[in-house]
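Residue indices begin at 1 and follow the sequence shown. Model, not experiment: these values are computed from the prediction.
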Amino acid sequence: MSAIILGAFGPAMGALFSIRTLQGKSAVKPFLKSFLSVDFSWKIWVTIITVLGLVNFLAWYLPGFFGYERLPMLLPTIYIFPIYLLLMIFLGGGQEEVGWRGYIMPYLESKFGLWYGNILLGIIWAFWHVPLWFISDSFQIYMPFAAFLIGCIGLSFFLSWLIKASKHKPMSALVAHGTSNAFMPVFPSVVMANDVFQLNFWILELLILGIGIIALLSIKTTNDL
């Protein structure tokens, strides 16, 4: 449990500690206030739901054409999805973005550039989750780490694009990260068994990488969003 709590809130607490230490106590409030803005264009909201919903759906649906069983939804009913989505945004992964995209990404981009900065953050992000592979009840123990790493880099690309497309509203990253996590039990991509080739999960992470690459390649055309 201590590892899970550290993983969930460590990036945010690290960001706040760094800001208070390096910039002073007065800089903390403006930083937190920047996350209150949710006035993205409607295109941003539609993009988040459509892109992340589609990649999860395809990863769940496509293997069925090759004889793989389509996994049943893990939520007890789809009607609780809005509540589950809110939990994922604020407690189930989205809150990490206070530290990742909200704080450290601008520094990494300025020092290493858009592509290398995101690759570096994606690697850090993936390895931040490594303790979950040693917790017997976690989903991660069934996930190929190489695929997870690819997905973290791809999602980092996509979230970096999203921040810029939303006119630097960091809340957009929280919403997208939480949305990505919320769709996973709706369209499950992980077979909870050992010694199984996780085709669905590989498809999901490769799709996310592809979407992320396309998003960063289009970075100069996002002023219209």
Using only atom types and a distance under 3.5 Å, with no angle test, would you say the side chain of Q95 pairs donor to acceptor with the backbone of F9? no
Who pairs with Q198 by side chain to side chain donor-acceptor pair (under 3.5 Å), at least two apart in sequence or on another chain? none
Worked verdict on I104 versus L121 for side chain to side chain contact (heavy atoms under 4.5 Å, CB included): CA-CA 8 Å; I104 199 62; L121 180 54; 4.0 Å; yes
Could you check whether any side-chain N or O of N200 sits under 3.5 Å from a backbone N or O of A59, counting only pairs where one atom can act as donor and the other as acceptor? yes
So, the side chain of S18 versus the backbone of G14: is there a donor-acceptor pair under 3.5 Å, distance only? yes
Exceeds 12 heavy-atom contacts within 6.0 angstrom, atom CZ of F81: yes
Close side-chain approach of F157 to I211, heavy-atom, < 4.5 Å: no
If you draw a 6.0 Å radius around CZ in F145, do more than 12 non-hydrogen atoms from other residues or ligands fall strictly inside? yes
If you count heavy atoms of other groups shown closer than 6.0 angstrom to CD1 of I83, is the number above 12? no
Apply side chain to side chain contact (heavy atoms under 4.5 Å, CB included) to residues S160 and L114 and explain how you reach the verdict. CA-CA 8 Å; S160 184; L114 183 64; 3.6 Å; yes
Partner residues of S172 under the side chain to side chain donor-acceptor pair (under 3.5 Å) criterion, sequence neighbours left out: S166
dist I213:CD1 -> S218:OG (nearest 0.5 Å) comes out at 12.0 Å
Looking only at heavy atoms, the pair that brings G93 and N181 closest together is CA-ND2, 3.7 Å
Do F201 and V191 touch side chain to side chain, with heavy atoms closer than 4.5 Å? no
Determine whether I163 and I219 fall in the same hydrophobic cluster, where Ile, Leu, Val, Met, Phe, Trp and Tyr are linked whenever their side-chain heavy atoms lie under 4.5 Å apart. no
If you group Ile, Leu, Val, Met, Phe, Trp and Tyr by side-chain heavy-atom gaps below 4.5 Å, do I214 and W115 land in one group? no
Between I153, L149, L155, which is the residue that forms a side-chain contact (heavy atoms from CB on, under 4.5 Å) with W125? L155
Any L16 side-chain heavy atom under 4.5 Å of L32 side chain: yes
If we only count heavy atoms from C-beta on, is the M143 to W133 side-chain gap below 4.5 Å? yes
Atom CG of L159 and atom CG of L174: how far apart are they, to the nearest 0.5 Å? 9.5 Å
Where do A193 and V196 come nearest, in terms of heavy atoms and distance? CB-CG2, 3.8 Å
If only atom types and distance count, is the side chain of W161 paired as donor or acceptor with the main-chain N or O of L217 below 3.5 Å? no
Assess the residue pair I150 and W202 against the criterion (side chain to side chain contact (heavy atoms under 4.5 Å, CB included)); give the C-alpha distance rounded to whole Å, side-chain angles, the decisive distance to 0.1 Å, and a yes or no. CA-CA 9 Å; I150 288 171; W202 273 103; 3.9 Å; yes
Heavy-atom check, side chain of V98 versus side chain of F31, under 4.5 Å: yes
Hydrophobic clusters here meaning ILVMFWY residues chained together by side-chain heavy-atom distances under 4.5 Å, can you tell me if L36 and V28 are in one? no
Looking at M73, I'd like to know if its CE atom is crowded, meaning that more than 12 non-hydrogen atoms belonging to other residues, nucleotides or ligands lie closer than 6.0 Å. yes
Min side-chain heavy-atom separation F158-I208 under 4.5 Å: no
Taking the side chain as every heavy atom from C-beta outward, state whether F183 and V55 have any pair of such atoms under 4.5 Å apart. no
More than 12 heavy atoms of other groups within 6.0 Å of Y79 OH: no
Verify whether one side chain among E96 and W128 offers a donor that lies under 3.5 Å from an acceptor in the other. no
Would you say the side-chain atoms of T50 pair up with the backbone N or O of T47, donor to acceptor, closer than 3.5 Å? no
Which heavy atom of L71 sits nearest a heavy atom of P188, and at what distance? CD1-O, 3.7 Å
Can you list every salt bridge (charged side-chain N to carboxylate O under 4.0 Å, His left out) pair that touches residues 21-33, not counting sequence neighbours? none
Apply side chain to side chain contact (heavy atoms under 4.5 Å, CB included) to the pair M184 and M88, showing each step before the final yes or no. CA-CA 11 Å; M184 292 190 72; M88 291 300 101; over 6 Å; no
For E97, the side chain to side chain donor-acceptor pair (under 3.5 Å) test, sequence neighbours excluded, returns R101, H177
Can you list the residues that meet the side chain to side chain donor-acceptor pair (under 3.5 Å) rule with S37, with sequence neighbours excluded? D39
Around atom CZ of R20, are there more than 12 heavy atoms from other residues, nucleotides or ligands closer than 6.0 Å? no
Going by ring-ring contact (aromatic ring centres under 6.0 Å, His included), name the residues that satisfy it together with F112, two or more places apart in sequence or in a different chain. none
Kindly indicate whether the side chain of W45, heavy atoms from C-beta on, has any atom under 4.5 Å from the side chain of F40. yes
